[in-house]
Amino acid sequence: MTTTRTAARETAQEPAQAREEAGGASEFSIGLVLLAGVYLILSPWVIQFTGTFGMAATNMISGIVLALFAAGCARSTGLRTVAWVIPVMGAWVISSPWVISRGRGLVPLDYPGMPELNTATWLSNVIAGAIVLAAGIALTLSTRRPAHR
């Protein structure tokens with residue numbers, strides 16, 4: 001009788017341990033997304049590209065959305081079912097300098113005679129977007145993976 005209870009306790013503990021391990025990976029991913037979101041909010045002043053309204057606006061809006069989404073995922077595990085949005089936002093952050101600065105017909109947010117985007121702006125968005133993309137993929141995979149060993 002005691003062996004049955006002990007075996008039942010051990011099998012009940014295994015999924016909990018697997019959830020804790022998966023939870024650690026997802027918590028790290030959520031933290032990365034939150035930090036990248038805060039960085040994107042502050043990036044127009046950190047990189048000093050405030051003269052380009054389109055890039056400043058898209059980075060601030062993307063950063064606010066990412067930070068709020070990461071805070072929501074940290075607060076509620078139910079929100080993690082739509083974690084696929086985070087890699088999509090990461091892809092947008094990577095591609096936004098090309099869309100905003102090169103696609104004058106697509107998104108005409110800048111005024112004529114506006115200064116060109118500098119290398120720091122391009123690199124900043126590509127690196128932040130790559131971090132968001134990788135963390136979002138990891139979070140999406142950790143929420144879809146069954147919690148067993």
Side-chain angles (χ1 to χ4, degrees), residues 10-149:
E10 287 176 3
T11 55
Q13 289 175 353
E14 286 179 13
Q17 289 173 351
R19 277 190 302 248
E20 288 175 10
E21 291 172 5
S26 63
E27 298 294 325
F28 182 72
S29 298
I30 290 170
L32 281 178
V33 171
L34 180 65
L35 286 175
V38 170
Y39 173 75
L40 284 170
I41 294 169
L42 299 175
S43 66
W45 294 279
V46 172
I47 304 297
Q48 297 179 352
F49 59 92
T50 55
T52 56
F53 175 74
M55 280 307 301
T58 191
N59 276 11
M60 289 180 64
I61 292 169
S62 298
I64 290 169
V65 168
L66 285 169
L68 289 175
F69 204 89
C73 282
R75 181 98 173 131
S76 168
T77 56
L79 190 60
R80 293 181 190 178
T81 58
V82 291
W84 59 269
V85 173
I86 294 175
V88 172
M89 289 292 297
W92 165 250
V93 171
I94 291 171
S95 64
S96 64
W98 284 275
V99 173
I100 298 294
S101 71
R102 301 284 186 219
R104 301 277 182 209
L106 294 173
V107 185
L109 294 174
D110 298 320
Y111 55 89
M114 177 196 82
E116 289 292 321
L117 296 178
N118 58 14
T119 305
T121 304
W122 295 89
L123 275 176
S124 172
N125 271 42
V126 169
I127 292 170
I131 289 171
V132 170
L133 184 67
I137 289 171
L139 181 62
T140 302
L141 292 177
S142 73
T143 56
R144 292 178 186 234
R145 182 178 23 208
H148 63 75
R149 281 190 153 195

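Every heavy atom of this structure was used, including side-chain atoms; hydrogens, water molecules and symmetry mates were not.
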Test side chain to side chain contact (heavy atoms under 4.5 Å, CB included) applied to V132 and I86, step by step: CA-CA 7 Å; V132 170; I86 294 175; 3.9 Å; yes
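- Residues L40 and G63 approach most closely at CB-CA, 3.8 Å, considering heavy atoms.
- Checked against side chain to side chain donor-acceptor pair (under 3.5 Å), S29 has no partners two or more places apart in sequence or in another chain.
- In this structure A71 satisfies the side chain to side chain contact (heavy atoms under 4.5 Å, CB included) test with no other residue, sequence neighbours excluded.
- Considering only residues two or more places apart in sequence or on other chains, V88 meets the side chain to side chain contact (heavy atoms under 4.5 Å, CB included) condition with W84.
- Between T140 and A83, the closest heavy-atom pair is OG1-O, 3.3 Å.
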Given side chain to side chain contact (heavy atoms under 4.5 Å, CB included), test F69 with L34 step by step and report yes or no. CA-CA 8 Å; F69 204 89; L34 180 65; over 6 Å; no
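- The minimum heavy-atom distance between P44 and M60, with the atom names listed, is CG-CG, 4.0 Å.
- Remark: L133 pairs with P87, I94, I137 by the side chain to side chain contact (heavy atoms under 4.5 Å, CB included) rule, at least two apart or across chains.
- Side chain of S95 to main chain of A91: a donor-acceptor pair is present (N/O by atom type, distance under 3.5 Å, no hydrogens or angles).
- Considering every non-hydrogen atom in both V33 and A135, the closest pair reads CG2-CB, 3.8 Å.
- A distance of 12.0 Å separates CG in L32 from CD in E27, rounded to the nearest 0.5 Å.
- Scanning for side chain to side chain contact (heavy atoms under 4.5 Å, CB included) contacts around L68 gives I64, with sequence neighbours left out.
- In this structure, I47 CD1 and M55 CE are separated by 10.5 Å, a value rounded to the nearest 0.5 Å.
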Identify all side-chain donor-acceptor contacts of residues 123-131 below 3.5 Å with residues at least two apart in sequence or on another chain.
unit_1	atom_1	unit_2	atom_2	d
S124	OG	Y39	OH	2.7
N125	OD1	N59	ND2	2.9
N125	ND2	N59	OD1	3.0
N125	ND2	V93	O	3.3
N125	ND2	S96	OG	3.0

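- Side-chain atoms of S76 do not come within 3.5 Å of backbone N or O of G72 as any donor-acceptor pair.
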